[in-house]
Amino acid sequence: MVLSTVNAKNKKLKEDFIRAFQELKTKMLKIKAYKEDILNALGDFLDEHFPLPENSGTAKKKRAEKDVQLISLHEILENLINKLVNTPHDPYITISDSFWPPYIELLLRYGIALRHPENPNKIRLENFHH
């Protein structure tokens, strides 16, 4: 009788565990979809309000000398986010000629990114733990 009671409790625990696990999987899928929506909205906003300086004479001249393709603010932020998520122990990315300096200045000035304390050519996302 004790054994059958224990078996019944174990069966119920297993069913509860499976149900809770399925609920967590569903929540995770919803969170991933929400994250994707937010990143897409951020990308649309950045592309609209922070376009690359295609027609800027000085930026074009400097770029032509170096023959460098600038990357968008959206791509810079995506690189920073991916670096922080994939390697949180080393969240810094190296600034290259592809990074338009006014975008780096904007990220630093508004506290979105921080420079490496020993290498000014590296930046990372600021940690927001508020």
S.K.: Roughly how far apart are I93 CD1 and R124 CZ, rounded to 0.5 Å?
M.R.: 12.5 Å

S.K.: With sequence neighbours excluded, tell me which residues meet side-chain contact (heavy atoms from CB on, under 4.5 Å) with T87.
M.R.: K83, H89

S.K.: List the residues meeting salt bridge (Lys or Arg N to Asp or Glu O under 4.0 Å) with E36, not counting sequence neighbours, and say none if there are none.
M.R.: none

S.K.: List for me each residue that meets salt bridge (Lys or Arg N to Asp or Glu O under 4.0 Å) alongside D47, sequence neighbours excluded, and say none if there are none.
M.R.: none

S.K.: Strictly by ring pair (Phe, Tyr, Trp, His ring centres under 6.0 Å), give each pair with a member in residues 29-53 just once, sequence neighbours left out.
M.R.: F45-H49

S.K.: State which residues pass ring-ring contact (aromatic ring centres under 6.0 Å, His included) with Y92; sequence neighbours excluded, sorted by chain then number.
M.R.: H116

S.K.: Quick one: name the residues clustered hydrophobically with V2, using the 4.5 Å side-chain heavy-atom rule over I, L, V, M, F, W, Y, and just say none if it's on its own.
M.R.: V6

S.K.: Report the residues that fulfil side-chain contact (heavy atoms from CB on, under 4.5 Å) with K14, sequence neighbours left out, ordered by chain and then residue number.
M.R.: I18

S.K.: Could I get the full list of side-chain contact (heavy atoms from CB on, under 4.5 Å) partners for R19, not counting sequence neighbours?
M.R.: D16, E23

S.K.: E75: which residues meet the side-chain hydrogen bond (donor to acceptor under 3.5 Å, both in side chains) condition with it, sequence neighbours left out?
M.R.: S72

S.K.: Excluding sequence neighbours, so at least two apart, what forms side-chain contact (heavy atoms from CB on, under 4.5 Å) with N121?
M.R.: N119

S.K.: For S98, enumerate each residue passing the side-chain hydrogen bond (donor to acceptor under 3.5 Å, both in side chains) test, keeping only those at least two apart in sequence or located in another chain.
M.R.: none

S.K.: Return the set of residues passing side-chain hydrogen bond (donor to acceptor under 3.5 Å, both in side chains) with K35 (not counting sequence neighbours), or none when no residue passes.
M.R.: none

